[in-house]
Amino acid sequence: MFNQVNEDIKFFIQDKIRENITKIKMGRTSWNFRCPICGDSHKNRRMKRGWYYIATDSYHCFNAGCPANGSVSGVELVAFITSSTPAAVKSEFFKSLRKNPHLVDQYKRAQEKLFVQMEEEAKRKKEMSEIPAELQDSWVPLPEDIAKIVKDRKIMSAPNLPKNGFELFFDTEDNRIVIPWRRAGELVFWQGRAVRDGQQPKYKGAVDRDKDVFNYDNIDEDFQYVFCLEGALDAVWVKNGVAVGGVTLTDKQVDLLSKKLCTPVIMLDNNWVDSAAREELEKICKNHIKQKVFIWPRGIVEKDVNEYVINQKDNLFFSDSKFLESRVFNGARALMEMKLTK
Ligand SMILES: [Zn+2]
């Protein structure tokens, strides 16, 4: 397994070495530094007997008494320098490992676990590297309290999550959950979702970027409609739900959606609860009489789809095609359904 360390892992290992070890002499094929495993020479503080070899991702210490005298893998070195175990204990462990082959299996399992963690972190780093540099500093993995909000809202088990990877970040400057939008694997747009009640607006899109269509690759053309919601964290609950980052479609979005067989339907928050949503719908129905819109049935008290799903056992918005189709209207008929006409 460790003979086939992939390039991402290798970069990750090298990052960890750079982060944790000072005064590295970097050559093209190897890096030389004071050995962190044995502590290197105590008499000569300038002695550097640790060598990390880039091509083989292996580490060797030329101090004869060192547990790493005889190569260890880059993963082992990183496990050593990054875990919180005191160095002396770890050094003993390495020594006993060499003397007690029966410990090796146990150690390999621990290593494999670490390897999986590293693979995940390397993947995340790679994804982060697609994000514009000026934003990377403020985007972090979800802090505990925010992860709890996401968990309470059951987002990660939503039935219409993008299939090719879905990961959330937190923007520490803006105090919002960041949802990257990908289409055909590319990061095309992102949206920040408010985390506190009263934090306005609910969704905020990337500045200086053309709005794209979130969840475009998930559209099922066997279904008659594609529901266009404002926000990604609502769209993931709806059959053929996509997010468009607003209440109308841009030219680019119209163009993208026209390549699919489904008819676009604007779906806003509950028009019986949210007066702003009702006003928007009214505007659309009056000014674009052919534009299909979704009118919520009377009797639902939740303000949006996510709240509805948390409170109800069945998710009509995903599982009941007939329900969805029965609530699609346009023009005067839609206004009537909203009881806006006299
Ligand atoms: Zn050493």
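The first residue in the sequence is number 1, and the count goes up from there.
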Worksheet entry | Contacts of type ring pair (Phe, Tyr, Trp, His ring centres under 6.0 Å), residue F329, not counting sequence neighbours | none
Discussion item. With a 4.5 Å cut-off on side-chain heavy-atom distances among I, L, V, M, F, W and Y, is there a chain of contacts connecting F33 to M26?
Written reply: yes
Worksheet entry | D251 side, atom CG; K211 side, atom NZ - distance, nearest 0.5 Å | 11.5 Å
Fill in: Verdict with supporting geometry, I266 and Q291, side chain to side chain contact (heavy atoms under 4.5 Å, CB included)
CA-CA 8 Å; I266 301 287; Q291 175 64 58; 3.5 Å; yes
Worksheet item: Do R183 and L256 come within less than 4.5 Å of each other through their side chains, counting heavy atoms only?
Response: yes
Worksheet entry | Reported CG-to-CH2 distance for the pair L168 and W190, which is rounded to 0.5 angstrom | 15.5 Å
Discussion item. Counting C-beta onward and ignoring hydrogens, is there a side-chain heavy-atom pair between Y225 and L324 closer than 4.5 Å?
Written reply: no
Discussion item. Under a 3.5 Å cutoff, is there a donor and acceptor pairing between the side chains of D234 and Y203?
Written reply: yes
Worksheet item: Is atom CD of E144 surrounded by more than 12 heavy atoms (other residues, nucleotides or ligands) closer than 6.0 Å?
Response: no
Worksheet item: Looking only at atom types and distance, does a side-chain atom of N240 sit under 3.5 Å from a main-chain N or O of D220, one as donor and one as acceptor?
Response: yes
Practice prompt. Please identify each residue that fulfils ring pair (Phe, Tyr, Trp, His ring centres under 6.0 Å) with W181, with sequence neighbours left out.
Written response: F189, F214
Worksheet item: Short question: side chain of E302, backbone of N311 - any donor-acceptor pair under 3.5 Å?
Response: no
Worksheet item: In terms of hydrophobic clusters joined by side-chain contacts under 4.5 Å, are V226 and L261 together?
Response: no
Discussion item. Please tell me whether I21 and W31 are part of a single hydrophobic cluster in this structure, the criterion being side-chain heavy atoms less than 4.5 Å apart.
Written reply: yes
Worksheet item: Between A68 and I37, which heavy-atom pair has the shortest distance, and what is it?
Response: CB-CD1, 3.8 Å
Discussion item. Is there a side-chain contact between L335 and K286 in this structure, where contact means two heavy atoms from C-beta onward sitting under 4.5 Å apart?
Written reply: yes
Worksheet item: When you check the gap from the basic side-chain N to the acidic O, do E337 and R333 get nearer than 4.0 Å?
Response: yes
Item to complete: Could you tell me which non-hydrogen atom of G241 sits nearest to which non-hydrogen atom of L229, and how far apart they are?
Response: CA-CD1, 4.2 Å
Worksheet entry | Test item: N69 side-chain N/O and C61 main-chain N/O as donor-acceptor pair under 3.5 Å | yes
Item to complete: Enter the distance from Q191:CD to K204:NZ here, rounded to the nearest 0.5 Å.
Response: 12.0 Å
Discussion item. Could you measure the distance from the NZ atom of K259 to the CG atom of L257? Nearest 0.5 Å is fine.
Written reply: 9.5 Å
Worksheet item: When rounded to the nearest 0.5 angstrom, what distance separates CZ in R193 from CZ in R153?
Response: 5.0 Å
Item to complete: Verify, without hydrogens or angle tests, whether D171 (side chain) and G192 (backbone) share a donor-acceptor contact under 3.5 angstrom.
Response: no
Worksheet entry | Lys/Arg N to Asp/Glu carboxylate O, K48 vs D40, below 4.0 Å | no
Discussion item. Just so I know, are the side chains of N306 and I155 near enough to count as touching, which here means a heavy-atom distance under 4.5 Å?
Written reply: yes
Discussion item. Under the criterion side chain to side chain contact (heavy atoms under 4.5 Å, CB included), I'd like the reasoning laid out for C285 against M338: C-alpha separation, chi angles, the key distance, then a yes or no.
Written reply: CA-CA 11 Å; C285 298; M338 279 187 283; 4.2 Å; yes
Worksheet item: For G27, does its backbone N or O pair with a side-chain atom of S30 as donor and acceptor, under 3.5 Å?
Response: no
Worksheet item: Taking only residues two or more places apart in sequence or in another chain, which ones pass ring pair (Phe, Tyr, Trp, His ring centres under 6.0 Å) with F323?
Response: F317
Worksheet item: Would a distance-only check, ignoring hydrogens and angles, find a side-chain to backbone donor-acceptor pair under 3.5 Å from Q14 to I54?
Response: no
Worksheet item: Do E19 and K16 sit within salt-bridge range, that is, some charged N less than 4.0 Å from a carboxylate O?
Response: yes
Practice prompt. Could you go through the side chain to side chain contact (heavy atoms under 4.5 Å, CB included) check for F170 and N175 one step at a time?
Written response: CA-CA 7 Å; F170 185 68; N175 273 317; 3.5 Å; yes
Worksheet item: Will you find, in the side chains of N32 and Y52, an N or O donor that is under 3.5 Å from an N or O acceptor?
Response: no
Item to complete: Could you tell me whether a side-chain N or O of S138 sits under 3.5 Å from a main-chain N or O of T172, the two making a donor and an acceptor?
Response: no
Worksheet item: Residues two or more places apart in sequence or in another chain: which of them pass side chain to side chain donor-acceptor pair (under 3.5 Å) with K148?
Response: D152
Fill in: Plane angle bin for F223 and F227 - parallel if under 30°, tilted between 30 and 60°, otherwise perpendicular
tilted
Practice prompt. Taking all heavy atoms of A194 and all of Q199, pick out the closest pair and write down the distance.
Written response: CB-O, 3.4 Å
Item to complete: May I ask you to decide whether R18 forms a salt bridge with D15, counting only side-chain N to carboxylate O separations under 4.0 Å?
Response: yes
Worksheet entry | Interatomic spacing from CG in L316 to NZ in K239 - rounded to 0.5 Å | 13.5 Å
Discussion item. Tell me which pairs pass side chain to side chain donor-acceptor pair (under 3.5 Å) where either residue lies in residues 58-67, with sequence neighbours left out.
Written reply: T56-S58
Worksheet item: Are any side-chain N or O atoms of D274 and backbone N or O atoms of A277, one a donor and one an acceptor, separated by less than 3.5 Å?
Response: yes
Discussion item. Can you confirm whether C228 sits close enough to L249 that some side-chain heavy atom of one is under 4.5 Å from a side-chain heavy atom of the other?
Written reply: yes
Worksheet item: Given side chains that start at C-beta, do those of V247 and E279 come closer than 4.5 Å, heavy atoms only?
Response: no
Worksheet item: Are I295 and V273 grouped together when hydrophobic residues (ILVMFWY) are joined by side-chain heavy atoms under 4.5 angstrom apart?
Response: no
Worksheet item: Short question: side chain of R34, backbone of R45 - any donor-acceptor pair under 3.5 Å?
Response: yes
Worksheet entry | Full working for side chain to side chain contact (heavy atoms under 4.5 Å, CB included) between K154 and W237 | CA-CA 10 Å; K154 302 178 188 160; W237 298 103; 4.0 Å; yes
Item to complete: Specify the closest pair of heavy atoms between F318 and V238, including all atoms of both residues, with the distance to one decimal.
Response: CD1-C, 4.0 Å
Discussion item. Starting from I179, can I reach V140 by hopping between I/L/V/M/F/W/Y residues whose side chains sit under 4.5 Å apart?
Written reply: yes
Practice prompt. Measure the shortest side-chain to side-chain distance between V242 and Q253 over non-hydrogen atoms and say whether it is less than 4.5 angstrom.
Written response: no
Worksheet item: Do you know the tightest heavy-atom contact between K303 and D269?
Response: O-CB, 3.3 Å
Practice prompt. Could I get the full list of ring pair (Phe, Tyr, Trp, His ring centres under 6.0 Å) partners for W272, not counting sequence neighbours?
Written response: none
Worksheet entry | Minimum-distance pair of heavy atoms, taken over all atoms of L187 and R209 | O-NH1, 4.0 Å
Fill in: More than 12 heavy atoms from other groups under 6.0 Å of CD1 on I289
no
Worksheet entry | Sidechain-backbone polar pair: W296 side chain, L268 backbone, donor-acceptor under 3.5 Å | yes
